[in-house]
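Numbered from 1 within each chain, the chains take letters A, B, ... in sequence-line order.
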There are 2 protein chains.
Amino acid sequence: MAQGKIYVSALEVAERAGVSRSAVSRTFTPGASVSPETRSKVIAAAEALGYHVNQLARGLMRNESGIVCLIVSDMATPYRSSLVKALTQHLQNAGKIAMLINTDRSDGSVDLALRQAIRYRADASIILSGLPDKSIADLCLKSGQRLVLINRNDDQDGTLKINLDDREAAGRVVTAFVRAGCSRLAFANSDAKTPSLMAREEGFVDAARAHGLDVIVERHGGTTYESGKVLAQKLMTRDVRPDAVFCATDLLACGFLDAARHQFSLSVPEELCVAGFDDIQQASWSSYNLTTFAQPVEAIAQEAVSWLGDEMDADLRRSRSSRRLHADLVWRGSIRAG
Amino acid sequence: MAQGKIYVSALEVAERAGVSRSAVSRTFTPGASVSPETRSKVIAAAEALGYHVNQLARGLMRNESGIVCLIVSDMATPYRSSLVKALTQHLQNAGKIAMLINTDRSDGSVDLALRQAIRYRADASIILSGLPDKSIADLCLKSGQRLVLINRNDDQDGTLKINLDDREAAGRVVTAFVRAGCSRLAFANSDAKTPSLMAREEGFVDAARAHGLDVIVERHGGTTYESGKVLAQKLMTRDVRPDAVFCATDLLACGFLDAARHQFSLSVPEELCVAGFDDIQQASWSSYNLTTFAQPVEAIAQEAVSWLGDEMDADLRRSRSSRRLHADLVWRGSIRAG
DNA sequence: GAGAACCTTGCACACGCTTGCAAGGCGGGC
DNA sequence: GCCCGCCTTGCAAGCGTGTGCAAGGTTCTC
């Protein structure tokens, strides 16, 4: 009784329905050949007994578990959690299921996560943070597992890389700042030096230079609210205060705005223009009202999941292995109108 | 090549190591009897071939998949995502793995989710939102699956119910409001009528009554930032404005605060005291600086996961089937000091 | 009405693993 | 020297499913 009675198997259903076990199997296999009457007998019996196909066994046979691993750190962060949500939802719609692995801990934890994915014979892994060791990634691919990298630009063959047009987006912010009459530009970054963060930084600096403007770059900590505050301290205590700052992330921007307003009593956007990136929920809250770039979360999820569903041979897989999506600028109140 | 070579099996490892398949199996089974030399031969071979135990097959045999289903809606919400994160982490530490199921869609979706859990022979399901149909919950239990309900007070036997002391917490807010000299109390709630939300509301109303005070209760929409704003509209346009309002949730409180400050130009806590519940990240942001109750997220996760790990017979399971945790009051600046 | 084409169904094998069982090897106690 | 017990190891049965194959049944065509 401690080990409650086990699950009911297809055999029991077959016996009750007076058919063979294969008939049961076929009833629950889309596209298999079963007569309507057999099917209904089976379904009735299954219903009565509370039968549910054992996906473990099915996965074993089909060599396709239906599991997709989501490998992620900082998952309680607004942007990450919305991405995880979208991915989970899209996977469900596609008949797959999400397995969640947290990699906040040590550094080899992405590798550990991929090992776990292999053990569960996941059909694919989607990596939202960190980068896997080449050898383990190769093992995944060789085993027939698909790999999606979001916002990491590793050049691993056979994976789908989804990125945004970070550089171009950064350029558009410069334009907006210039139109607003700003000239003392700054970039507030975390020092995580993630590919996408660096792309924004470099894009910003380059575009500013094209306008003949220099940029003060400051980096600190992780991409958190607190880091945003610290960055504000650093930038706003300089001899010459910037009048426009692009924060690499909305979370940074929120911290930055709070510090700028409450500690330095600056009014935004009159004395200071600020832009962020991600368009997290909080960016639209009236205390922040932040002009920012929207992560196309739905499009990312859509793209990733549909790629997983695609039938494809090795060539096609390689040819479509990189997607670059567009980040829309969402105008709110933290930049003066041009 | 389209269907990349399959995974390497224990048999191949056995052949390479010159031992039997059982030896390989035992090497990767903690506590099994293998001599050190055999073990090291096996490990070497496994390493060389890139072998990883197939958890699907292992789960099939052991009747224990290692999978735990997290059934959740609104997972991009700050509180929910932090709970999901904590649970995922604790499960990993316990050697289990989290399967994530989103139930934002239709209403029977919790049942669908549990069906999915059954199909994957999950060892347990943790339900963070919604309530399962009795029959399907019974099926889970009968199949030997464990069920944890967080903040839902269904009275299903054999499940672990984790709740907070919502009523008592609400009472403590009343005390704080009274100490601050407030007398026109209001409660801002969503109209979701979730057990925990209603417990807070009733606890607040009752405690106020014990102090001889009436409470204006307003309910609207989901537990979102936007609902908080609407609730502020409703409460602040009354003939007699409340001077203290307890929001059922931090998200409501943030919306409420923003509307109160920016639309009604009220200063908090001078003219209006506000309290929330959950202690989400944003509550500590300086724009809000919200006095609130901390969801003991870690303790909840700890409690749930350790219960899952417990060996227990039916009696013990029933006797420990309900846990009530304490929510600490986190003092910040949205209530005047007494 | 006969033969072909098609649909349905059961059999049996395969998937990769765990584990009870028995046999073998080894050392220790008398 | 013998017997007992322990540790290790291989064998083989089984977990619950999918699916190729062949046999049987039905329908269609001419």
Check every strand shown and say whether Ser22(A) touches a base, only sugar-phosphate, or nothing at a heavy-atom separation below 4.0 Å.
-> base
Between Val305(B) and Ala94(B), what is the shortest heavy-atom contact and its length?
-> CG1-CB, 3.7 Å
Out of dC17(C), dC7(C), dG18(D), minimum distance to the side chain of Arg21(A) belongs to dG18(D)
Nearest-nucleotide wise, let me know which of His52(B) and Arg26(B) is further upstream toward the 5' end of DNA chain C.
-> His52(B)
Rounded off to whole Å, could you give me the CD-to-P distance for the Glu15(B) and dG16(C) pair?
-> 13 Å
Under 4.0 Å: is that the gap between some side-chain N or O of Ser25(A) and OP1 or OP2 of dG18(D)?
-> yes
What's the closest nucleotide to the Val19(A) side chain, out of dG10(C), dG16(C), dT18(C)?
-> dG10(C)
Touch check for Ser33(A), heavy atoms < 4.0 angstrom, all strands: base, sugar-phosphate only, or nothing?
-> base
For Leu11(A) and dG18(D), what is the distance between atoms CG and P respectively, to the nearest whole Å?
-> 14 Å
Whole angstrom is fine here: how far is it from CD1 in Ile118(B) over to C1' in dG16(D)?
-> 16 Å
Closest approach of Ile43(B) and Thr27(B), non-hydrogen atoms and distance?
-> CG1-CG2, 3.9 Å
Quick one: closest heavy-atom pair of Tyr7(A) and Gln145(B), and the distance?
-> OH-NE2, 3.5 Å
Let me know the distance between CZ of Arg58(A) and C1' of dT19(D), rounded to the nearest Å.
-> 12 Å
Assign each of Met61(B) and Val34(B) to its nearest nucleotide of DNA chain D by heavy atoms, then name whichever residue's nucleotide is nearer the 5' end.
-> Val34(B)
Counting distance only, does the side-chain N/O of Gln295(B) pair as donor-acceptor with the main-chain N or O of Tyr79(B) below 3.5 Å?
-> no
Enumerate the residues from residues 35-46 of chain A whose closest heavy atom to DNA chain C is under 4.0 Å, giving them by residue number; use none for an empty result.
-> Ser35(A), Thr38(A)
Look at the side chain of Asn54(A) and the backbone N and O of Ala57(A), then say whether any donor-acceptor pair between them is shorter than 3.5 Å.
-> yes
Compare the minimum distances between each of dG16(C), dG18(D), dT18(C) and the side chain of Leu60(B), then state the nucleotide with the smallest one.
-> dG16(C)
Atom CZ of Phe28(A) and atom P of dT17(D) are separated, to the nearest Å, by 10 Å
Answer with base, sugar-phosphate or nothing: what part of the nucleic acid does Val53(A) contact at a heavy-atom distance below 4.0 Å?
-> sugar-phosphate
Rounded off to whole Å, could you give me the CZ-to-C1' distance for the Arg121(B) and dC15(D) pair?
-> 11 Å
State whether Arg62(B) places a side-chain N or O below 4.0 Å from either non-bridging phosphate oxygen (OP1 or OP2) of dT19(C).
-> yes
Should Tyr51(B) be listed as having a side-chain N or O under 4.0 Å from OP1 or OP2 of dC17(C)?
-> yes
Could you tell me whether a side-chain N or O of Arg324(B) sits under 3.5 Å from a main-chain N or O of Asn163(B), the two making a donor and an acceptor?
-> no
For Ile6(B) and dG16(C), what is the distance between atoms CD1 and P respectively, to the nearest whole Å?
-> 8 Å
Are Ser20(B) and dT9(D) close enough that a side-chain N or O sits under 4.0 Å from OP1 or OP2?
-> no
Start at the 5' end of DNA chain C and walk down; is the nucleotide closest to Thr29(B) or to Ala32(A) reached first?
-> Ala32(A)
Figure out the CG/C1' separation between Asn63(B) and dT19(C), and round it to whole Å.
-> 14 Å
Side chain Glu12(B), main chain Ser9(B), donor-acceptor under 3.5 Å | yes
Does Arg146(A) make a cation-pi contact with Trp307(A) (under 6.0 Å, within 45 degrees of the axis)?
-> yes
